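Working notes for the structure below.
Since this is a predicted model, take the numbers as computed values, not measurements. Start at 1 with the first residue, then count along the sequence. Keep in mind that the numbers below use all heavy atoms, side chains included, and drop hydrogens, waters and symmetry copies.
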Amino acid sequence: MSRLQGGMSAEAACVRCRLSQTRTQVVVGRGDSSAAVFFLGEAPGRAEDKSGLGFQGAAGQRFNDILAFIGLSRERIWLANAVRCRPSIDGRKNRAPRPDEIEACRYWLVRDMERIRPRVVVTMGRVAFESVTRISWDAKHRATPIAIPEFETTAFALYHPAYLIYKRDLQSVYRQDLEKLRTILLTLDVRLDEPAGPWTRASKTT
Ligand code: SF4
């Protein structure tokens with residue numbers, strides 16, 4: 001039976017790295033704790049730090065559109081970031097997470113992976129891919145199933161959804177990657193709805 005939940009209280013109180021001193025709150029992993037598909041992003045930004053929820057704002061809308069195209073929803077996946085507190089410069093600008101922060105926060109990623117045991121972990125961006133696979137990112141890894149022996153599962157790498165905001169020419173490439181992911185998930189007997197959403201309609205014109 002699936003349960004919709006948002007992480008554990010110890011995760012919400014984590015002080016394993018310096019980001020605990022500047023965050024508003026931990027953006028804990030959230031969703032269906034028996035999900036077949038785990039989506040892993042990089043780190044919270046300002047909107048996520050404020051709301052406590054993953055993928056808000058413009059990137060969040062792209063993420064919702066991506067899920068709709070695959071035939072999933074936030075209620076049927078597990079969603080977390082490789083780094084769960086916002087990395088920022090003086091609380092103003094977002095910055096990239098540092099290697100020691102990624103390593104410290106991997107503790108929570110391992111906890112999630114061992115508890116949820118997803119059939120596929122969809123990584124969004126370099127940091128997410130490298131954190132869960134321990135493999136250095138290379139463009140050849142994109143949209144290619146890669147075994148993760150540590151967790152007895154498979155990684156499938158997507159560009160980060162924010163790329164769709166800044167690089168609109170990626171729309172058709174992204175759509176091809178999602179079609180490939182959809183085929184893989186169907187092969188694994190993951191229940192998917194028909195592709196839907198405004199991103200689908202927009203993609204048909206590219
Ligand atoms: S980023 Fe991760 S490891 Fe660091 S304080 Fe937040 S939850 Fe803990």
Worksheet entry | Donor-acceptor contact below 3.5 Å, side chain Tyr159 vs main chain Met124 | no

Worksheet, complete the sentence: For Ile116 and Ser33 the tightest heavy-atom approach is CG1-O, 3.6 Å

Worksheet, complete the sentence: For residues 40-59, the salt bridge (charged side-chain N to carboxylate O under 4.0 Å, His left out) pairs (sequence neighbours left out) are none

Practice prompt. Not counting sequence neighbours, which residues clear ring-ring contact (aromatic ring centres under 6.0 Å, His included) with Phe39? List them please.
Written response: Phe63

Discussion item. Treating Arg76 as the side-chain partner and Arg191 as the backbone partner, does any N or O pair qualify as donor plus acceptor under 3.5 Å?
Written reply: yes

Practice prompt. Step through the shown structure and confirm whether more than 12 heavy atoms of other residues, nucleotides or ligands are within 6.0 Å of CZ on Arg119.
Written response: yes

Worksheet item: CZ of Arg18: more than 12 outside heavy atoms within 6.0 angstrom?
Response: yes

Fill in: Beyond-backbone contact of Thr144 with Lys140, side-chain heavy atoms, under 4.5 angstrom
no

Worksheet item: Mind checking whether Pro118 and Val37 have side chains closer than 4.5 Å, heavy atoms only?
Response: no

Worksheet entry | Trp137 six-ring centre to Arg142 NZ/CZ under 6.0 Å and within 45° of normal | no

Worksheet item: Within a strict 4.5 Å, meaning less than it, do heavy atoms of the Lys93 and Ser88 side chains meet?
Response: no

Item to complete: Could you tell me whether the side chain of Asn64 reaches within less than 4.5 Å of the side chain of Phe55, counting heavy atoms only?
Response: no

Fill in: Stepwise salt bridge (charged side-chain N to carboxylate O under 4.0 Å, His left out) test for Asp169 and Lys167
CA-CA 5 Å; Asp169 55 332; Lys167 300 190 176 196; over 6 Å; no

Worksheet item: Considering all heavy atoms of both residues, which atom of Phe38 and which atom of Leu109 are nearest to each other, and what is their separation?
Response: CZ-CD1, 3.9 Å

Worksheet, complete the sentence: Scanning both residues in full, the closest heavy-atom pair of Pro145 with Thr154 reads CB-CG2, 3.7 Å

Fill in: Min side-chain heavy-atom separation Arg106-Arg134 under 4.5 Å
yes

Worksheet item: Side chains of Phe129 and Val127: closer than 4.5 Å at any heavy-atom pair?
Response: no

Worksheet entry | Nearest non-hydrogen partners of Ala143 and Asp177, listed with the distance | CB-OD1, 3.5 Å

Worksheet item: Quick one: are Leu72 and Asp193 in side-chain contact, heavy atoms under 4.5 Å?
Response: no

Worksheet item: Checking Ser20 side chain against Arg16 main chain: does a donor-acceptor pair fall under 3.5 Å?
Response: no

Practice prompt. Indicate whether the side chain of Asp112 and that of Trp78 have a donor and an acceptor atom separated by less than 3.5 Å.
Written response: yes

Item to complete: Identify the two heavy atoms, one from Leu19 and one from Pro87, that lie closest to each other, and give their separation to 0.1 Å.
Response: CD2-CA, 3.7 Å

Worksheet entry | Shortest non-hydrogen contact between Leu67 and Ser73, atoms and distance | CD1-C, 3.9 Å

Fill in: Distance under 6.0 Å and angle within 45° of ring axis: Arg182 vs Phe69
no

